[in-house]
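Just follow the structure's listing: the first ligand is 1, and inside any ligand the first atom is 1. The shown structure was predicted, so the numbers you read here are calculated from the model rather than taken from an experiment. Any value given below was found using the heavy atoms of this structure, including those in side chains, with hydrogens, waters and symmetry copies removed.
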Amino acid sequence: MPANEWDTDHAERYLARADDYPHRAEADAALLELVPTDPRRILDLGTGDGRVLRMVRDRSPTTRGIGLDVSHRMLTAARRECDDIDGIEILEHDLADELPDLGRFDAVVSSFAIHHLEHERKRALYEEILGALVPDGVFVNLEHVASPNERLHLEFLAAIDEPDDPSNRLLDVETQLAWLRELGYADVDCFWKWREIAVLSGRRPA
Ligand SMILES: C[S@@+](CC[C@H](N)C(=O)[O-])C[C@H]1O[C@@H](n2cnc3c(N)ncnc32)[C@H](O)[C@@H]1O
């Protein structure tokens, strides 16, 4: 597997299948429900082709958004898909590195991206996200999380009809919720879950 699998055909294969994963529509809806209805600014981490930014903009046409991604293939896809949407900016950034200062956001969202990072970096990123939120702003992470055991992991792979991806660094929900609470997020919970797909969220206290 190359250092960045997202700069191979893996990117286009994912995009072609993105709508068809089991329970994807439910997961998207659970994420969207936690985003304020009319956020002024939103940041999307690991934006892919800008899927979540576009969902938010469909609902809130005045929201301004920034999408970050490291993959040149995904950056090209995002710029193509978001080209005619005013107020959406797509920037290259590796989430393994500290978040750049992009100002404060009403919502920071991420969808199926943070599980690619080392655990230590996940926690540091959660702290940086808290610092990038306005008071009362929300972080919503639709994420691929770890199963409690190998048997359930294999059942999940069979259910989504995909081979195991050795570049994933899956982590259980409980650890991630505990981190968010320790870091000072309020209203932390796992709001939706199907097997290894979960929506985790917390709010920056007002
Ligand atoms: C499964 S795709 C999800 C894309 C989009 N968020 C969605 O829900 O359709 C994972 C995305 O995370 C991005 N990604 C993976 N590792 C990253 C990193 N270290 N920094 C920035 N983006 C990363 C990939 O390039 C890819 O676009």
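- Remark: minimum distance from atom 8 (O) of ligand 1 to any protein heavy atom is reached at S111 OG, 2.6 Å.
- The closest approach between R24 and ligand 1 falls below 4.0 Å for a heavy atom of the residue.
- Looking at V52 and V140, their side chains never come closer than 4.5 Å, going by heavy atoms from C-beta outward.
- The pair D28-R24 counts as a salt bridge, with a side-chain nitrogen and a carboxylate oxygen less than 4.0 angstrom apart.
- Nearest protein heavy-atom neighbour of atom 17 (C) of ligand 1: V70 CG1, 3.7 Å.
- No more than 12 heavy atoms of other residues, nucleotides or ligands sit less than 6.0 Å from atom CZ of R64.
- For H93, the closest heavy-atom approach to ligand 1 falls below 4.0 Å.
- Of the candidates R54, R79, R80, R73, R54 is the only one forming a side-chain hydrogen bond (donor to acceptor under 3.5 Å, both in side chains) with D49.
- Set against the non-hydrogen atoms of T47, the atoms of ligand 1 under 4.0 Å away are 5 (C), 6 (N).
- At least one heavy atom of L117 sits closer than 4.0 Å to an atom of ligand 1.
- Of the charged side-chain nitrogens involved, at least one lies within less than 4.0 Å of a carboxylate oxygen, so that D19 and R51 count as a salt-bridged pair.
- In this structure, atom 19 (N) of ligand 1 lies nearest to the protein heavy atom D94 OD1, 2.8 Å.
- Ligand 1 places these atoms under 4.0 Å from at least one heavy atom of S71: 25 (O).
- Residues W6 and S71 share a closest heavy-atom pair of O-OG, 2.6 Å.
- One finds no salt bridge joining E127 and R123 here, because no Lys/Arg side-chain nitrogen approaches an Asp/Glu carboxylate oxygen to under 4.0 Å.
- Between the choices Y14, F112, W6, the shortest heavy-atom distance to atom 7 (C) of ligand 1 belongs to Y14.
- For ligand 1, the atoms sitting less than 4.0 Å from at least one non-hydrogen atom of A113 are 12 (O), numbered in the order shown with element in parentheses.
- Looking at D69 next to ligand 1, an N or O pair under 3.5 Å apart turns up.
- In this structure, atom 16 (N) of ligand 1 lies nearest to the protein heavy atom H116 CB, 3.8 Å.
- Distance from atom 20 (N) of ligand 1 to its nearest protein heavy atom, with residue and atom name: L95 N, 2.8 Å.
- No side-chain heavy atom of S60 sits under 4.5 Å from any side-chain heavy atom of T37.
- Of the protein's heavy atoms, G46 O, 3.8 Å lies nearest to atom 11 (C) of ligand 1.
- Aromatic ring orientation, F139 versus Y126: tilted (interplanar angle from 30° to 60°).
- Using a 4.0 Å cut-off to heavy atoms of R51, the atoms of ligand 1 that qualify are 7 (C), 8 (O), 9 (O).
- Residues P36 and A107 approach most closely at CD-CB, 4.1 Å, considering heavy atoms.
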